[in-house]
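Take a look at the structure below.
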Number of protein chains: 2
Amino acid sequence: MEFSATTFRELCQQHGIAVTHQRQVLFEIMQGMHGHPSPEEVYARVKKKIPAISLATVYKNIHLFVESGIFREVSMHHGTLRVEMNSRPHHHMVCSMCKSISDIDEADLGLLPSHQKLPGGFLVERYAVDVIGICPECQAKKVN
Amino acid sequence: MEFSATTFRELCQQHGIAVTHQRQVLFEIMQGMHGHPSPEEVYARVKKKIPAISLATVYKNIHLFVESGIFREVSMHHGTLRVEMNSRPHHHMVCSMCKSISDIDEADLGLLPSHQKLPGGFLVERYAVDVIGICPECQAKKVN
DNA sequence: TTGACAGACGATAAGAATTATCGTTTACTA
DNA sequence: TAGTAAACGATAATTCTTATCGTCTGTCAA
Ligand SMILES: [Mn+2]
Ligand SMILES: [Mn+2]
Ligand SMILES: [Zn+2]
Ligand SMILES: [Zn+2]
């Protein structure tokens with residue numbers, strides 16, 4: 001486990017957040033979950049331990065965990081449907097600050113698959129690569 | 001342009017959909033748009049040409065274009081927030097049929113970046129690769 | 001050409017996911 | 001242990017998307 005050496009109390013102190021019962025149970029249950037649960041799925045699990053917990057609290061703490069880097073989001077751009085009209089083979093540069101998405105040509109990325117068969121027999125159609133980082137505009141804005 | 005050789009009428013015939021004025025204007029405007037617009041952004045543009053158009057029509061036709069393969073979606077899993085608790089370096093296999101997401105270790109994917117600097121000065125933090133294809137379960141279900 | 005009719009349209013209600021508000025409670029610090 | 005900022009629960013509001021439904025239109029065969 002990633003946080004086995006550190007107690008949850010210490011983890012909260014590092015990030016300057018209060019150690020509440022809800023927060024601790026939420027953290028422990030999420031740590032034990034497999035896959036990529038939605039907030040509703042997490043809520044359902046936590047309610048078994050804390051029946052009075054609010055869905056809003058689940059959302060607020062998930063965001064807090066993600067902002068703190070304790071957990072992550074699967075997709076940087078899960079918000080609304082975005083349409084792709086560019087038919088050239090390309091990937092995306094996603095800014096972790098402003099969430100802007102820009103195209104990058106497959107050739108410019110220089111990322112090539114070396115395996116053809118994936119574990120479990122997954123049949124590959126294509127790759128979609130998100131290069132996550134800081135766009136030039138946000139680099140300029142950033143005060144370090 | 002991808003469809004310059006083919007008229008919109010022929011494109012519709014290929015996909016068995018009717019050639020309507022709304023559909024044609026929508027298609028042409030979307031073709032001329034840069035980036036990765038949201039349905040609302042497309043709607044705003046199209047309203048200038050067809051003030052009476054409905055947002056529902058925009059959504060319906062965007063889905064139709066995506067289903068037909070005329071356009072694409074930027075993210076396969078933009079629906080709801082999904083949390084990642086797996087801290088090992090890994091990427092994702094996303095099934096284009098059932099939208100299921102499974103982990104694949106970085107090493108198993110065998111995909112390595114050869115460039116360090118990206119055009120435009122984008123500062124790379126990490127790569128997130130979606131391997132899009134058909135999961136074993138859907139391969140079994142599929143009737144070919 | 002001209003109906004018949006499936007499919008498409010617009011208006012709008014409904015649904016799902018997420019965020020905001022607000023009064024109460026709790027954890028932290030001195 | 002009291003004061004205060006933060007967190008909580010309840011729930012309203014917002015945002016994004018889909019469903020419904022009555023009307024209209026494109027397609028195709030006669
Ligand atoms: Mn793109
Ligand atoms: Mn994962
Ligand atoms: Zn940025
Ligand atoms: Zn599948």
Side-chain angles (χ1 to χ4, degrees), chain A residues 7-30 36-44 46-68 70-71 73-83 99, chain B residues 7-30 36-44 46-68 70-71 73-83 99:
Chain A
T7 91
F8 181 68
R9 170 159 257 104
E10 287 169 328
L11 199 61
C12 286
Q13 281 167 352
Q14 281 168 24
H15 293 101
I17 58 178
V19 181
T20 69
H21 180 229
Q22 289 88 340
R23 189 162 288 160
Q24 177 147 21
V25 170
L26 207 29
F27 172 77
E28 281 163 6
I29 283 177
M30 288 179 74
H36 310 92
S38 65
E40 287 281 354
E41 284 164 351
V42 173
Y43 178 54
V46 177
K47 266 213 292 201
K48 290 176 189 169
K49 293 259 180 186
I50 311 175
I53 200 168
S54 166
L55 178 58
T57 301
V58 173
Y59 269 98
K60 281 182 280 199
N61 279 296
I62 288 177
H63 286 145
L64 202 60
F65 291 152
V66 169
E67 283 159 28
S68 305
I70 295 171
F71 296 137
E73 310 189 39
V74 172
S75 177
M76 292 293 298
H77 41 78
H78 76 274
T80 83
L81 171 62
R82 293 302 174 125
V83 197
K99 312 285 180 192
Chain B
T7 89
F8 181 68
R9 171 160 255 103
E10 288 168 328
L11 199 61
C12 286
Q13 282 166 351
Q14 283 168 25
H15 294 101
I17 58 178
V19 182
T20 68
H21 181 229
Q22 288 89 339
R23 190 162 288 159
Q24 176 146 20
V25 170
L26 207 28
F27 173 78
E28 281 163 6
I29 284 176
M30 287 179 76
H36 310 93
S38 66
E40 287 282 355
E41 284 164 351
V42 173
Y43 178 55
V46 177
K47 267 214 291 200
K48 290 176 189 167
K49 293 258 181 186
I50 311 176
I53 201 168
S54 167
L55 177 59
T57 300
V58 173
Y59 268 99
K60 282 182 280 199
N61 279 295
I62 287 177
H63 286 144
L64 203 61
F65 292 152
V66 169
E67 284 160 27
S68 305
I70 295 171
F71 295 139
E73 307 189 42
V74 173
S75 178
M76 293 292 298
H77 41 78
H78 77 274
T80 82
L81 171 61
R82 294 300 173 127
V83 197
K99 314 283 180 194

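Residue numbers start from 1 in every chain, and the chains themselves are labelled A, B, ... in the order their sequence lines are given, proteins ahead of strands.
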Side-chain contact test, heavy atoms from C-beta onward, threshold under 4.5 Å: evaluate it for [X] versus [Y] and give yes or no.
X	Y	result
A/Val66	A/His63	no
A/Glu41	B/Arg82	yes
B/Glu40	B/Leu55	yes

Please give me every residue in residues 19-26 of chain A whose heavy atoms get under 4.0 Å of an atom in DNA chain D, ordered by residue number. A/Thr20, A/Gln22, A/Arg23
Take the protein atom [atom1] of [X] and the nucleotide atom [atom2] of [N], then report the distance between them rounded to whole Å.
X	N	atom1	atom2	value
A/Ile50	D/dA10	CD1	C1'	16 Å
B/Ile53	D/dC24	CD1	P	18 Å
A/His15	C/dC28	NE2	P	16 Å
A/Glu67	C/dT19	CD	P	10 Å
A/Leu64	C/dT18	CG	C1'	17 Å

With respect to the side chain of [X], which nucleotide from [options] is positioned closest?
X	options	answer
A/Ile17	D/dA7, C/dG10, D/dT11	D/dA7
A/Thr80	C/dA8, D/dC16, D/dA7	D/dC16
A/Ser54	C/dA27, D/dA10, D/dT17	D/dA10
B/Leu55	D/dT27, D/dC8, D/dT17	D/dT17

For the residue pair B/Phe71 and B/Phe27, categorise the inter-ring angle as parallel (less than 30°), tilted (30 to 60°) or perpendicular (more than 60°). parallel
If you pin B/Lys60 and A/Leu81 to their nearest nucleotides in DNA chain D, which one's is more 5'? A/Leu81
Any side-chain N or O of [X] less than 4.0 Å from the OP1 or OP2 oxygen of [N]?
X	N	answer
A/Thr57	D/dG9	yes
A/Tyr59	C/dT19	no
B/His63	D/dT17	no
B/Arg9	D/dT27	yes

Enumerate the residue pairs fulfilling side-chain hydrogen bond (donor to acceptor under 3.5 Å, both in side chains) with a member in residues 15-24 of chain B, sequence neighbours excluded, ordered by first and then second residue. B/Arg23-B/Asn61, B/Gln24-B/Glu28
Point-to-point distance, once rounded to the nearest 0.5 Å, from CD of B/Gln13 to OG1 of B/Thr7: 7.0 Å
Could you give the distance from OG (A/Ser38) to CD1 (A/Ile62), rounded to the nearest 0.5 Å? 8.0 Å
Just to be sure I understand the rule, does B/Ala56 reach a base, reach only the sugar-phosphate, or reach nothing, if contact means heavy atoms closer than 4.0 Å? base
